[in-house]
Amino acid sequence: MRQIIEDLPGSKIREVANAALGRDDVLAFWFGESDEATPEFIRAAAARSLEAGETFYSQNLGLAELRDALASYTSSLHRPVGADRIAVTSSGVNALMLAMQALVGAGDEVVAVVPVWPNLTAQPAILGARVVRLPLRVESGVWRLDLDEMRGTITAKTRVLLVNSPNNPTGWTLGRDEQEAVLAHCRGTGTWIVADEVYERIYFGDGAACAPSFLDIADGDDQLVVVHSFSKSFLMTGWRLGWIVHPPGLAPTFAKLIEFNTSCAPVFVQRAGLAALAEAGVFVPDLVARLRTCRDILLPRLAALPGISVATPSGGLYAFFSVAGQGDSLAFAKRLVAEAGVGLAPGSAFGPEGEGWLRWCFASRDPARLVDGIERLRRFLRL
């Protein structure tokens, strides 16, 4: 067994969830998904595909119909993108790993904006790359990226910049001016940008249809790979379906990598994706409105508790907060499960920059669960 694999930490979120095994009295907010099932019209499309016997291999890059639909969907939100720049993948995390395999080798330097979902930093490490952490910092209660620090960290030695915006776990979202500064600097250093934009539609700023994207400002031949997923915006976490937007000419590269990894995404899952995209204009805004309601129920109540610091997220599914005097977030999260029946993700799961913080997923079909969770937390803190 390779030592790097042995040295990878296990999921601390799973560790907290495992502490609640056998209990049905715990309010679970630890995983990054809604407790709302995938809509019936999406499930029905998959069922029809299975009933029709579509149980065979697909094209490596995905069904032509789905690639066309994804190109149209992406172009409706950003600059025009052709189907020749779309690769369908077996989940967003698979898309991220494919991007790493395409771009990164042993000894390469990868800069990652952190704290972040740990898979993003583990993947280049598995491939033998050296991961440099570029931390977000809290200023006046808001998470920010220091652009001067970014310029000093990303050099000509940096092969790839990994950036997740809207960010899991903080909700931080790159503004347009920041994106332009990052893109300009990476052009100068010859650094690829791998942008994890899976939360782009779950954006609460300025009535926009989505968060600012590198696809809005990048030229087609820029060294940019953008990763997306059906998981969050379409309530399809268990389906494992994602896609990549890559520069022109890289389709054969990704086709080979998909062949060597998974061969293809299942046809019936791709049919479900087609159904989701067909209703995106109505379904996604309605979902985001419900998520905004959940956020606006949870955040003020959370911020009102003495000793708690939290920034209102502009995107994503999470409230990321700290509790005064609580340094070990994993131990604190386990105590919350055992003594309060509240399941949260420890901030240390997202790297050392998250230590002392907790992540609360507010995606709930019943906002009363959030109020109940706040009350349990208040009693636990004896406030």
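Worth knowing before you read on, the calculation uses all heavy atoms, side chains too, and leaves out hydrogens, waters and symmetry mates. Predicted model, so just to flag it, every value in this text is computed and none were measured. Positions are given from 1 along the sequence.
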Pairing of R159 and E109 as salt bridge, 4.0 angstrom limit | no
Is any side-chain N of the basic residue among K157 and D108 closer than 4.0 Å to the acidic one's carboxylate O?
-> no
Where the side chain of E355 meets the backbone of G347, is there a donor-acceptor pair that is under 3.5 Å apart?
-> no
Determine the interplanar angle of the F283 and F234 rings, folded into 0 to 90°, and report it as parallel if under 30°, tilted if 30 to 60°, perpendicular if over 60°.
-> parallel
Under 4.0 Å between a Lys/Arg side-chain N and an Asp/Glu carboxylate O for R151 and D148?
-> yes
Give every residue pair that meets the salt bridge (charged side-chain N to carboxylate O under 4.0 Å, His left out) criterion with at least one member in residues 278-300, sequence neighbours excluded.
-> E36-R290
For the student: nearest non-hydrogen atoms of V104 and L127, plus distance = O-CD1, 4.3 Å
Should the pair E65-R271 be classified as a salt bridge under the 4.0 Å nitrogen-to-oxygen rule?
-> yes
For S34, the side chain to side chain donor-acceptor pair (under 3.5 Å) test, sequence neighbours excluded, returns none
With a 4.0 Å cut-off, would you call E15 and K334 a salt bridge?
-> yes
State which residues pass ring pair (Phe, Tyr, Trp, His ring centres under 6.0 Å) with F362; sequence neighbours excluded, sorted by chain then number.
-> none
Ion pair check, E375 and R301, cut-off under 4.0 Å = no
Only one of F332, Y318, F320 forms a ring-ring contact (aromatic ring centres under 6.0 Å, His included) with W357, so which one is it?
-> F320
Would you call R187-D219 a salt bridge at under 4.0 Å N-O?
-> yes
Backbone N or O of N168 within a donor-acceptor pair of the N164 side chain at under 3.5 Å?
-> yes
Among pairs that include at least one residue of residues 203-226, which meet ring-ring contact (aromatic ring centres under 6.0 Å, His included), considering only residues two or more places apart or in two chains?
-> none
Under 6.0 Å from the CD atom of E51, do we count more than 12 heavy atoms belonging to anything else shown?
-> no
Test: E259 and K256 ion pair at under 4.0 Å = no
Apart from V371 itself, what residues make up its hydrophobic cluster, given side-chain heavy atom links below 4.5 Å?
-> I297
So, does R67 use its side chain to make a donor-acceptor pair with the main chain of I86 at under 3.5 Å?
-> yes
Only counting residues at least two apart or in another chain, list the ones meeting side-chain contact (heavy atoms from CB on, under 4.5 Å) with C210.
-> L77, H78, E200, R201
So, do V342 and F380 sit near enough that their side-chain heavy atoms are less than 4.5 Å apart?
-> no
Charged N to carboxylate O below 4.0 Å: is that the case for E6 and R2?
-> no
Counting distance only, does the side-chain N/O of N167 pair as donor-acceptor with the main-chain N or O of P115 below 3.5 Å?
-> yes
